2 protein chains.
Amino acid sequence: MVKAQGGIPARRTTIVTLSQIAGVAPSTVTRALRGDTRISKKTRDKILALAQKHGYTPNILARTLSSGRNGLYGLVLGPSTNPFYAELMYEATALAEQLGFRILIIHAGTGSIEERTAQALLNYQVNGCIISSATMSSQAGKICDSNNVPLVMVNRVAYQSGCAVTCDNRGGGEELARHLVEKGRQSFGVIRTSNFSSTARDREEGFLTEIRNAGYDVTLRIDGKSTYEGGFAAAEQIAALPPRDRPEALFALSDIMAMGLMDGLRLKGINVPDDIAVVGFDGIPQSGRAIYDLTTLEQPLTLMLKRAFDMIEARVDDRTIPEEVITLRGRLIVRGTSG
Amino acid sequence: MVKAQGGIPARRTTIVTLSQIAGVAPSTVTRALRGDTRISKKTRDKILALAQKHGYTPNILARTLSSGRNGLYGLVLGPSTNPFYAELMYEATALAEQLGFRILIIHAGTGSIEERTAQALLNYQVNGCIISSATMSSQAGKICDSNNVPLVMVNRVAYQSGCAVTCDNRGGGEELARHLVEKGRQSFGVIRTSNFSSTARDREEGFLTEIRNAGYDVTLRIDGKSTYEGGFAAAEQIAALPPRDRPEALFALSDIMAMGLMDGLRLKGINVPDDIAVVGFDGIPQSGRAIYDLTTLEQPLTLMLKRAFDMIEARVDDRTIPEEVITLRGRLIVRGTSG
DNA sequence: CCTTAGTGCGCAAACGTGTGCGCAATATCG
DNA sequence: CGATATTGCGCACACGTTTGCGCACTAAGG
């Protein structure tokens with residue numbers, strides 16, 4: 001209950017307020033504001049002017065209660081150690097702002113989405129939720145499913161079911177492999193991740209396939225833990241190898257690992273790309289810094305999110321649309337680290 | 001309106017549903033769930049069990065409509081080019097999760113908060129809003145004020161009025177200055193920002209004061225634009241100077257600029273700290289990377305946000321609490337770049 | 001037995017918005 | 001001119017939750 005200060009009950013202007021001033025029914029005000037054609041132009045103009053004058057702003061929460069629609073979209077983010085997620089959040093926010101939506105942060109960090117988190121989605125009656133990293137517990141998935149909350153995975157494909165928008169990770173891996181082969185590299189290593197996400201697996205498989213097609217093989221695999229520090233540690237392992245055992249090219253499954261890797265190599269006096277070529281994946285802005293100048297495969301992040309929003313919107317209108325997976329092709333950015 | 005699929009109207013369980021099953025009034029269910037003492041233990045236990053069994057989750061939106069309280073906190077973030085804001089978002093989310101709140105991203109990026117953004121706060125009836133960077137247009141401030149939306153600036157102090165939680169930027173600048181002087185540096189430069197935030201100004205003033213106290217002066221000032229790229233460009237300007245005109249120590253007003261600065265210097269063959277010492281401000285995690293190993297002044301971010309939440313909560317309960325500014329002391333982290 | 005105090009709960013309204021239905025007035029047509 | 005279609009709007013209820021008020025019942029005290 002809003003307490004008035006100083007005795008004047010400065011209640012906020014609502015549709016009812018406006019209707020009283022205009023001398024019409026609240027329903028008329030609603031329809032006028034929402035542009036219902038059945039309201040005469042004269043009445044509508046009058047009400048719009050009144051709304052403007054009294055600084056009316058709709059109470060979205062009340063609207064939700066009545067019509068089920070609010071512009072609220074949940075967002076689940078991966079850990080802060082990968083700037084990719086921060087970028088995703090910024091992109092999603094910008095896109096939402098443009099489309100008139102709002103982003104509700106549901107969870108940010110590692111760990112899977114448990115029942116408690118899924119309930120938050122219901123508590124706030126979000127129209128849908130974009131999940132960028134974490135996996136869902138089956139219990140949580142069931143909750144969302146049975147309550148008709150459309151879920152879309154971005155940058156990840158669920159194992160059993162669910163909507164998803166993802167980059168062509170396999171194709172990207174292949175493209176990077178071909179690029180390195182064209183550059184004349186003949187032995188290869190992969191800085192991979194310990195988690196079993198579809199994303200990481202597809203990238204690695206694509207890479208491996210094309211390397212083998214070219215008649216070579218991946219001879220070194222190190223877990224880079226999807227972090228800068230993991231990539232850095234991998235560099236130390238590589239530096240510890242006798243130089244002739246070191247691969248001529250390394251594929252870090254994500255840019256952030258590639259950055260750690262390069263810094264690690266640099267500190268050990270190993271030159272990129274003269275001694276070892278490095279390529280990454282994601283296309284985060286930091287990879288373009290002169291100090292890295294990383295060859296990478298850029299994900300079409302803005303477009304991916306746009307598709308994700310579209311998917312949710314479509315399913316809000318029609319719950320019966322079947323599950324859908326969209327794969328978008330990434331773009332190879334050739335920079336200095338691939339030789 | 002939730003459309004049922006397959007003929008079975010799988011409506012969500014609400015307080016009314018529960019009340020019907022239990023054979024009591026909805027008001028009794030509410031009070032039982034909220035732990036009102038006037039409900040007998042027997043009834044309460046029965047209802048709690050029922051709620052558990054039927055997977056009841058409260059509809060916060062409806063609660064808001066009726067009681068004005070939801071756990072929604074707006075968050076306004078600065079540009080993505082400074083990872084400090086991403087970290088702030090992650091911290092705020094973690095803290096909110098702990099306290100049972102939710103974060104609604106209101107705006108992320110550059111630019112001031114205009115009327116339209118302020119209205120979003122009203123649309124969703126947020127309990128309050130944390131503003132981490134942008135300045136508010138006076139119109140937007142008025143809207144929030146007249147609608148009793150508590151605002152707290154974090155990492156910034158408003159010029160005229162408003163609540164704020166901030167690090168002791170002036171004191172931090174002084175501490176960094178003393179540290180560099182102790183290390184024997186005798187000439188100084190500052191990589192500053194073009195915007196006129198209180199934060200940047202205080203840091204620079206504190207630094208300047210102590211440098212002068214020690215009998216030296218700041219002889220070089222470059223605009224680093226609060227970005228990595230700005231810091232990098234500053235390095236190129238400095239490298240273009242004849243070596244004896246270069247300051248012996250540089251203070252970048254934020255870590256992200258310090259990082260760009262160091263990379264720029266490195267690429268020009270200038271050694272840190274042998275040729276030039278560098279210190280930053282903020283204490284973002286990236287500054288601790290081996291490749292930077294930056295001496296900096298860490299902001300107590302978690303605590304700052306905790307205080308911000310507390311401030312808002314207090315003002316939700318009691319609108320008459322006057323405006324308040326809290327300043328928290330930061331922590332000097334001495335690493336390798338200060339010599 | 002009567003009064004008083006306290007306990008446990010229900011009634012009904014309120015929060016702000018959306019919508020199906022229907023009524024009245026006007027326009028259109030035969 | 002009368003019948004029908006169209007336009008413009010109001011009524012009433014719904015969404016899920018909270019809360020002031022008050023009623024009924026029990027326990028305690030005189």
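Just so you know, these numbers come straight off a predicted model, no measurement behind them.
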Original post:
If we only count heavy atoms from C-beta on, is the A/Pro79 to A/Thr110 side-chain gap below 4.5 Å?
Top reply: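 Yes, their side chains come closer than 4.5 Å.
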Original post:
Roughly how far, to the nearest 0.5 Å, is the CD1 atom of B/Ile131 from the CG atom of B/Leu121?
Top reply: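 So the CG of B/Leu121 and the CD1 of B/Ile131 are separated by 7.5 Å.
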Subject >> Spacing of B/Ile21 atom CD1 and B/Leu50 atom CG [to the nearest 0.5 Å] >> reply: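 So the CD1 of B/Ile21 and the CG of B/Leu50 are separated by 5.5 Å.
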Using the side chain to side chain contact (heavy atoms under 4.5 Å, CB included) criterion, which residues pair with [X]? Sequence neighbours excluded.
X: A/Leu328; answer: A/Val165, A/Pro300, A/Leu303, A/Met304, A/Arg307, A/Ile326
X: A/Val16; answer: A/Thr14, A/Ser19, A/Gln20
X: B/Glu87; answer: B/Ile284, B/Pro285, B/Leu301
X: A/Asn123; answer: B/Thr57, B/Pro58, B/Ile60

Within the structure, does a side-chain N or O atom of [X] lie under 4.0 Å from either OP1 or OP2 of [N]?
X: B/Thr14; N: D/dT17; value: yes
X: B/Thr43; N: C/dC9; value: yes
X: B/Ser40; N: C/dC9; value: yes
X: A/Ser27; N: C/dT19; value: no

Rounded to whole Å, how long is the line connecting atom [atom1] of [X] with atom [atom2] of [N]?
X: B/Arg34; N: D/dT17; atom1: CZ; atom2: P; answer: 11 Å
X: A/Tyr124; N: D/dC15; atom1: OH; atom2: P; answer: 22 Å
X: B/Asp36; N: D/dC21; atom1: CG; atom2: P; answer: 16 Å
X: A/Arg31; N: D/dG10; atom1: CZ; atom2: P; answer: 9 Å
X: A/Gln125; N: D/dC15; atom1: CD; atom2: P; answer: 13 Å
X: B/Leu33; N: D/dG16; atom1: CG; atom2: P; answer: 15 Å
X: B/Lys42; N: D/dT26; atom1: NZ; atom2: P; answer: 12 Å
X: B/Ile15; N: C/dC9; atom1: CD1; atom2: P; answer: 16 Å

Original post:
Contact class for B/Val24 (heavy atom, under 4.0 Å): base, sugar-phosphate, or nothing?
Top reply: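 Sugar-phosphate contact only.
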**OP:** Sort and list the pairs that fulfil ring-ring contact (aromatic ring centres under 6.0 Å, His included) and have at least one residue in residues 13-69 of chain A, not counting sequence neighbours.
**Re:**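 Every pair satisfying ring-ring contact (aromatic ring centres under 6.0 Å, His included) with a residue in residues 13-69 of chain A: there are none.
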Original post:
Which ring-ring contact (aromatic ring centres under 6.0 Å, His included) pairs, counting each pair once, include a residue from residues 96-123 of chain A, with sequence neighbours left out?
Top reply: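 Non-adjacent pairs meeting ring-ring contact (aromatic ring centres under 6.0 Å, His included): A/Tyr73-A/Phe101, A/Phe101-A/Phe309.
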**OP:** Not counting sequence neighbours, which residues clear side-chain hydrogen bond (donor to acceptor under 3.5 Å, both in side chains) with B/Gln119? List them please.
**Re:**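 Scan of B/Gln119 (side-chain hydrogen bond (donor to acceptor under 3.5 Å, both in side chains), adjacent residues dropped) gives none.
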Could you tabulate the donor-acceptor pairs under 3.5 Å formed by side-chain atoms of residues 22-33 of chain B, not counting sequence neighbours?
unit_1	atom_1	unit_2	atom_2	d
B/Thr30	OG1	B/Pro26	O	3.3

**OP:** Describe, as an angle rounded to 10 degrees, how the axis at the first end of the helix from C/dC1-D/dG30 to C/dG30-D/dC1 is tilted relative to the axis at the last end, five pairs per end.
**Re:**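 One end axis against the other gives 50°.
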Original post:
Going by the salt bridge (charged side-chain N to carboxylate O under 4.0 Å, His left out) test, which pairs reach into residues 39-65 of chain B, not counting sequence neighbours?
Top reply: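 Of all non-adjacent pairs touching residues 39-65 of chain B, those that pass salt bridge (charged side-chain N to carboxylate O under 4.0 Å, His left out) are B/Lys41-B/Asp45.
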Protein N or O to nucleotides 22-25 of chain C N or O, pairs below 3.5 Å:
none

Subject >> Nearest-nucleotide pick for A/Ile39, side chain only, options being C/dG16, C/dA14, D/dC9 >> reply: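 Between C/dG16, C/dA14, D/dC9, the one nearest the side chain of A/Ile39 would be D/dC9.
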Subject >> Within residues 55-64 of chain A, residues whose heavy atoms come under 4.0 Å of DNA chain C >> reply: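 Per residue number, the list reads A/Tyr56, A/Pro58, A/Asn59, A/Ala62, A/Arg63.
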**OP:** With DNA chain C as reference, determine whether B/Thr28 or B/Leu65 sits nearer its 5' end, using the nearest nucleotide of each.
**Re:**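 Comparing both residues, the 5'-ward one is B/Thr28.
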Original post:
With distance as the sole criterion, do the side chain of B/Ser67 and the base of D/dT18 form a donor-acceptor contact below 3.5 Å?
Top reply: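 No such pair is found, so the answer is no.
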